[in-house]
Amino acid sequence: MTETAPNSNEIARAVAALRRGELVAFPTETVYGLGADASSEAAVRRIFAAKGRPTDHPVIVHLGDNATLDDWAATVPPAARKLADRFWPGPLTLIVPRTAHVLDVVTGGQPSVGLRMPDHPVAQALLRAFGGGIAAPSANRFGRISPTQAAHVRAELGAAVAMVLDGGSSRVGVESTIVDLSGDQPVLLRPGHISAAEIGAVLGQPPLMPTSANTATRAPGTLASHYAPVTRLELVDGARLHEILSDLLAQGLRPAVLARRPAPRHLHEIPWIALPNDAAGYAHGLYASLRELDRLGCDRIVVEAVPDTEAWLHVRDRLRRAAHRE
Ligand code: TXA
Ligand code: MG
């Protein structure tokens with residue numbers, strides 16, 4: 001949507017910073033990543049410090065379009081090869097058995113590694129110029145909403161990063177689909193823009209949904225609360241939206257709304273964002289909208305529930321986590 005092109009001076013500065021072991025935030029088509037040289041233990045450790053993230057959480061290694069799975073995987077499962085051929089560069093992370101040179105700090109000590117080739121001109125220019133893998137989680141504080149604009153990263157991580165490359169607003173808007181191919185059967189660890197049905201069409205069978213039996217690792221799907229704004233968030237059925245808002249107002253509370261339709265006239269004083277009523281358009285705007293509503297300091301962010309269909313699975317997943325309270 002509003003992706004911007006790389007600037008060669010900035011790419012050169014970013015590469016120099018990565019080589020010095022510093023952190024560089026960069027845009028991808030899903031969300032912004034907080035990048036470090038994947039071959040430097042000290043550099044990757046800085047990611048965890050900046051995010052306030054537990055060190056046993058593995059990070060994804062981002063690859064340039066000149067790299068291959070074979071550079072990072074000890075053995076490449078045929079299913080991984082097929083998915084990479086079909087969807088890379090793109091919003092899909094593949095978990096595969098790692099080669100010996102992949103650092104423990106990257107994989108959380110696990111025998112597998114998460115790999116992704118992002119489809120964004122700035123990310124690709126950076127990866128090609130750097131030449132190696134860039135380890136990067138989303139560029140937000142642990143447990144918070146992923147950034148989809150450079151300004152989000154600056155506001156949240158500011159001083160911890162040497163540089164924030166600006167690539168405009170991330171096209172997809174939610175994190176990549178993650179498929180684990182390191183076990184007997186493909187498992188969908190995190191739903192994303194590339195759907196289970198699209199993956200199933202390539203593999204000839206749909207991926208399994210994660211369970212405690214087939215998921216050894218602590219993937220984001222196993223943390224009930226993730227991607228959360230500070231303001232309490234409540235998911236409500238569209239049919240009851242107006243009634244619930246009127247109730248909150250009657251109690252003297254100040255709600256803000258994220259819906260798929262405009263505010264009715266009698267509720268026009270409520271801060272209200274209407275996102276498109278299609279899953280791709282909604283996902284694109286979701287995180288920026290939650291950040292905007294969160295900033296208002298209201299008592300409640302009320303979100304109109306989204307359709308219960310496969311196309312909206314990744315959006316439902318993120319909203320459910322954002323609504324979860326410990
Ligand atoms: O779209 C994305 O994937 C973004 C952009 C920046 O590429 N990255 C991202 O990273 O969302 P992060 O760290 O916030 O989420 C990646 C998740 C981690 O929480 C981790 O649990 C899982 O991927 N992961 C990474 N390597 C893994 C592995 N070897 N086994 C299981 N899960 C893994
Ligand atoms: Mg994240």
Side-chain angles (χ1 to χ4, degrees), residues 23-36 38 44 47-48 50-63 72-74 80 87-99 102-120 122-124 126-127 133-148 152-153 156-157 165 167 170-183 186-194 210 214-223 225-228 283 287 314 317-318 321-322:
L23 302 182
V24 172
F26 63 97
T28 83
E29 79 280 33
T30 57
V31 301
Y32 276 66
L34 179 60
V44 177
I47 294 176
F48 293 94
K51 279 188 65 106
R53 187 190 216 199
T55 48
D56 61 343
H57 281 227
V59 292
I60 297 171
V61 177
H62 295 70
L63 306 178
W72 296 85
F87 295 113
W88 279 6
L92 176 66
T93 297
L94 302 173
I95 310 290
V96 294
R98 66 159 170 177
T99 54
V102 183
L103 299 174
D104 277 340
V105 68
V106 168
T107 67
Q110 300 176 68
S112 60
V113 61
L115 302 172
R116 171 163 123 74
M117 197 178 278
D119 181 22
H120 188 293
V122 174
Q124 279 299 334
L126 177 68
L127 285 159
I134 299 181
S138 51
N140 51 282
R141 302 272 312 161
F142 180 64
R144 297 282 160 222
I145 302 167
S146 295
T148 55
H152 299 162
V153 184
E156 198 162 311
L157 295 176
L165 290 170
S170 293
R171 175 166 50 82
V172 171
V174 299
E175 303 80 359
S176 60
T177 307
I178 304 182
V179 183
D180 185 355
L181 300 152
S182 65
V187 180
L188 182 74
L189 291 184
R190 181 171 70 185
H193 180 77
I194 295 178
N214 65 23
T215 311
T217 43
R218 292 224 294 152
T222 62
L223 286 180
S225 163
H226 216 83
Y227 319 110
Y287 288 160
H314 57 314
D317 171 76
R318 302 313 189 276
R321 291 177 204 290

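Order of listing sets the numbers, starting from 1, for every ligand and every atom in it. Keep in mind the model is a prediction, meaning the values are calculated, not measured. Throughout, numbering of the chain's residues begins at 1 and tracks the sequence.
Not one N or O of Thr28 is nearer than 3.5 Å to an N or O of ligand 1, by distance alone. For ligand 1, the polar-atom distance check against Ser138 finds a nitrogen or oxygen pair separated by under 3.5 Å. In terms of polar-atom proximity, defined here as any N/O pair under 3.5 Å, Arg116 does make such a contact with ligand 1. Here's the thing with Thr30: one of its N/O atoms is less than 3.5 angstrom from an N/O atom of ligand 1.
When the heavy atoms of Lys51, Arg190, His193, Arg53 are ranked by distance to atom 18 (C) of ligand 1, first place goes to Arg53.
Using modelled atom types, one finds a donor on one side chain and an acceptor on the other under 3.5 Å when comparing Glu175 with Tyr287. Side-chain polar atoms of Arg171 and Thr30 form no donor-acceptor pair below 3.5 angstrom. A side-chain donor from one of Arg190 and Ser176 sits under 3.5 Å from a side-chain acceptor of the other. A side-chain donor from one of Arg98 and Thr107 sits under 3.5 Å from a side-chain acceptor of the other.
The shortest separation from a heavy atom of Pro118 to ligand 1 is not under 4.0 Å, leaving the residue out of contact. At least one heavy atom of His62 sits less than 4.0 Å from an atom of ligand 1. A heavy-atom separation below 4.0 Å is not found between Thr107 and ligand 1.
Evaluation of the ring-ring contact (aromatic ring centres under 6.0 Å, His included) rule for Phe26 yields His62 as partners, not counting sequence neighbours.
When heavy-atom distances to ligand 1 are checked against a 4.0 Å cut-off, Asp180 has no atom that comes that close, whether in backbone or side chain.
The Mg ion (ligand 2) lies under 2.8 Å from an N, O or S atom belonging to Ser138.
For ligand 1 and Glu175, the ligand atoms under 4.0 Å from any heavy atom of the residue are 1 (O), 11 (O).
A salt bridge does not link Glu156 to Lys51: none of the charged side-chain nitrogens sits closer than 4.0 Å to a carboxylate oxygen.
Taking the centre of each ring, Phe48 and His57 stay at or above the 6.0 Å mark.
With values rounded to the nearest 0.5 angstrom, Leu92 atom CG is found 5.0 Å from Ile194 atom CD1.
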